[in-house]
Amino acid sequence: MHSTPFPILGLSGGIAAGKSFVAAQLQKLGWVVIDADALAREAVAPGSEGLRKVAEAFGPEALRPDGTLDRTWMAGRVFSDDGARARLNAILHPRIEALRDARLRALPADTLGVVLDAALWVERGKTHHFDAFWAVDAPEELRVGRLMARDGMTREGALARLRAQATAPERALHADLVIWNDGRDLSGILGEAQAALLANWKIRRARTWRPTMPAPFSADQLRDVLTDLLSRGGDYGEVFVERRRAHALGMDDGRMEDVLASETFGVSLRLVDGETTRFADLIAPSHEELMESARTLAAPGHGSAAAVPALTPQSFPTPSPVTQDPGQVPLGDKVALVRRAEGLARTYAETLRPGALKQVSVGYGDSTQRVWIASAELKKDTWTSRITEDHRTQVVLRANVTAGDGVQLQTGYQPLGETRGFELFTDEAVTKMVQEAVRLAIQALDAQPAPAGTFPVVLSSSAGGTMIHEACGHGLEADLALAGMSAFAGKLGQKVAGEGVTIIDDGTLPHKRGSQAIDDEGNPVSRVVLIENGVLKAYLQSRKTSRKMETEPTGNGRRESYRHLPIPRMRNTFLAAGSEAPEAILRDLDRGLLVKHMGGGQVDTVTGNFVFQVTEGYWVENGVAQYPVKNATLSGCGPEVLKGLTRIGNDLHHFDIGTCGKDGQGVPVSDALPTILCPALVVGGTAEPLPSVI
């Protein structure tokens, strides 16, 4: 698709939101619309190979008496059986994509643009494959009414169909434009959006589908290394090549304490032979040194030499196009950014409480990493090979503020970071981040000691997804599940959480800290539904764990650098939004804790037990926050919390960022949740204990 001489617009939306109406409006403006539903019907038309494959996979029940596909029967089957849905998708998707590509090739070069209309672009992790992605949505009650009138559904049936798709807040995370189709006139919105898209689609495409760059070694050289690596047996060989540049600045109380720059070039080799893995890493090696290391790793083997095919290049789009490469930004501009943030903190602190500010620390960091991954794998007695590459950019600015009143010192911390370039640091974004850090520090001076006891706790969406990441996410990584070190081990297909609880890990979210084009094994990143409506559906897989579990990698094989083996890791992990207004959840809290910011903590992945710090919390009575609290902790059991969730807000928007540690490796991640009510958590505090309400 990225080679067409005209723009490609991905269009999606919730069922009955009016996606087809918007597509029709764009068609009137001159766009060609290719409807995925129409292509799906063509793929299983009477007499087609697709229909024959469906009948072979699902039996004669899939066909009507006249030989056509029984869509009602098929819908009932795939909506209730994940395996059936996967089998159907495996048949349909390649055929739909082939039909789509044929349509695109047949269009004239002067085509204004093409709309690819499909309901499941978010679910399939494809939203970053287009020159722009637009989502159509409408209020839930309006959509329910449309479904009941259009398809004769009951209200319960209509709600079930809505809940089977990605939520509107999740679609909004991916969308360049959300079109609210609630009866308003859309002509002006579509006209302006079209003009903007036609003006910049070529620039956007060039940044999304980055041109390949010469690797430190040629494809033939890497194939030679793989051939030597697999010369004495094995079923998988890999060469991971990495170049990385990084810069860091640190300012403490107006003094620039650190100015660091680094450049790394290294290569690792991995040989997998059954259950045995042999690994080597080399700093700035020559081709001859790589060959020697490959032969050393191969030496213990006793198998047959692999016939490694020529490496097949594969390219994947990035979900995080970069406008301003931080590696090209002058050092003076980075110093000016840090000084500006430090000055903003001092000015704002004096506005809030003169004389309260005691210390300001500001840190800046950027990293530009380019990787090339060459691999050869034996599957079903056939060797395949490929070479993939990725260009990854991370920037972050952190503010740590200390305030005091002569009796106590309190701190406030806020980061600003994404997989963007230096363009992230707009005046608005930097000011908002710095002011929040100052506000947290000064507000904490007036906080009262937190009460202790077992209470209901409302976690605001601004608290981020620490609870999901630590108390639940790690237990959903396949290596821990395989080792029996997870509270979710052996529970695939079982109910592990409350109804309506859906947890997703998505490496395709635009610009989020855990997003990349490929993982560190060369697999494209994806959207993985881990828990769906309370049922455990999947684990996060690397290549190694997926072979043990007889499934496919999910694009979660990650490593800190060329010096490390890839292991299953989270990327951007979140609890899917519900349908309740967050204000209503808080209003119904008679007595308990409202948490707006979380700090660090500890978790036991085997049991799911956790302890987390609260960096901003409020004691609530009769639905109203009474006063801020300090020195509060939350304790509980992650799986039990998931089972007890009954109220989930519709306000998914804030992702916390961090570096996740596991097995001695750190990788960038983010996490989020909507406002939720935890009916019973142990609140630790230094005030006199209050009678628990549970």
Nearest heavy-atom pair of [X] and [Y]: which atoms, and what distance?
X: Arg232; Y: Ala299; result: NE-O, 3.0 Å
X: Trp209; Y: Ser315; result: CZ3-O, 4.1 Å
X: Leu99; Y: Ala43; result: CD1-N, 4.0 Å
X: Phe279; Y: Leu565; result: CD1-CD2, 3.4 Å
X: Pro319; Y: Thr508; result: CB-O, 3.4 Å
X: Lys495; Y: Val535; result: CD-CG2, 4.0 Å

Hey, does [Y] have a side-chain heavy atom less than 4.5 Å from the side chain of [X]?
X: Leu290; Y: Leu269; answer: yes
X: Ile34; Y: Leu39; answer: yes
X: Arg204; Y: Pro321; answer: yes
X: Ile503; Y: Thr573; answer: yes
X: Phe574; Y: Glu170; answer: yes
X: Glu418; Y: Ser320; answer: no
X: Val371; Y: Glu389; answer: no
X: Gln324; Y: Val329; answer: yes

If we ignore hydrogens and angles and just use 3.5 Å, is the side chain of [X] paired with the main-chain N or O of [Y] as donor and acceptor?
X: Ser12; Y: Ala118; value: yes
X: His287; Y: Gln221; value: yes
X: Asp390; Y: Ala517; value: yes
X: Trp372; Y: Pro216; value: no
X: Thr276; Y: Val272; value: no
X: Ser546; Y: Ser542; value: yes
X: Thr419; Y: Lys512; value: yes
X: Arg547; Y: Arg543; value: no
X: Glu477; Y: Leu540; value: no
X: Arg386; Y: Pro313; value: no

With the threshold set at 4.0 Å, does a side-chain nitrogen-carboxylate oxygen contact exist between [X] and [Y]?
X: Lys544; Y: Glu275; value: no
X: Asp479; Y: Lys548; value: no
X: Arg124; Y: Glu97; value: yes
X: Asp366; Y: Lys334; value: yes

Strictly by modelled atom types, are [X] and [Y] linked by a side-chain donor-acceptor pair under 3.5 Å?
X: Thr466; Y: His469; value: no
X: Asp220; Y: Ser218; value: no
X: Arg571; Y: Ser526; value: no
X: Asp506; Y: His174; value: yes

Between [atom1] on residue [X] and [atom2] on residue [Y], distance to nearest 0.5 Å:
X: Arg245; Y: Thr368; atom1: CZ; atom2: OG1; result: 8.5 Å
X: Thr127; Y: Trp121; atom1: OG1; atom2: CH2; result: 10.5 Å
X: Gln314; Y: Ile518; atom1: CD; atom2: CD1; result: 9.5 Å
X: Thr208; Y: Asp131; atom1: OG1; atom2: CG; result: 7.5 Å
X: Asp604; Y: Thr607; atom1: CG; atom2: OG1; result: 3.5 Å
X: Phe488; Y: Leu476; atom1: CZ; atom2: CG; result: 5.0 Å

Donor-acceptor pairs are to be reported for all side-chain atoms of residues 551-558 against protein atoms at under 3.5 Å, with residues two or more places apart or in another chain.
from: Thr554; atom 1: OG1; to: Gln541; atom 2: N; distance (Å): 2.9
from: Thr554; atom 1: OG1; to: Gln541; atom 2: O; distance (Å): 3.2
from: Thr554; atom 1: OG1; to: Asn556; atom 2: OD1; distance (Å): 2.7
from: Asn556; atom 1: ND2; to: Asp505; atom 2: OD2; distance (Å): 3.0
from: Asn556; atom 1: ND2; to: Arg569; atom 2: O; distance (Å): 2.9
from: Arg558; atom 1: NH1; to: Met570; atom 2: O; distance (Å): 2.8
from: Arg558; atom 1: NH1; to: Pro668; atom 2: O; distance (Å): 3.0
from: Arg558; atom 1: NH2; to: Pro668; atom 2: O; distance (Å): 3.1

Practice item. Using the side-chain hydrogen bond (donor to acceptor under 3.5 Å, both in side chains) rule, take Arg205 and Thr4 through it: C-alpha gap first, then chi angles, then the decisive distance, then the call. Key: CA-CA 10 Å; Arg205 181 180 291 184; Thr4 60; 3.1 Å; yes
Check your understanding: With a distance cut-off below 6.0 Å to the six-membered ring centre and an angular limit of 45° from the axis, does Arg243 pair with Phe265 as a cation-pi contact?
Key ->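 Geometry flag: set, cation within 6.0 Å and 45°.
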**Study point:** Arg270 to Tyr236 six-membered ring, cation-pi geometry met (6.0 Å, 45°)
**Key:**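 Ring-cation test returns no.
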Review point. Between Asp671, Asn572, Thr659, which is the residue that forms a side-chain hydrogen bond (donor to acceptor under 3.5 Å, both in side chains) with Arg513?
Key: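 In the set Asp671, Asn572, Thr659, the residue that makes a side-chain hydrogen bond (donor to acceptor under 3.5 Å, both in side chains) with Arg513 is Thr659.
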**Study point:** Candidates Arg370, Arg563, Arg559, Gln369 - the one meeting side-chain hydrogen bond (donor to acceptor under 3.5 Å, both in side chains) with Glu242
**Key:**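 That would be Gln369; it is the only one of Arg370, Arg563, Arg559, Gln369 passing the side-chain hydrogen bond (donor to acceptor under 3.5 Å, both in side chains) with Glu242.
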Check your understanding: Is the number of heavy atoms from other residues, nucleotides or ligands within 6.0 Å of CD (Glu289) greater than 12?
Key ->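 Above 12, so yes.
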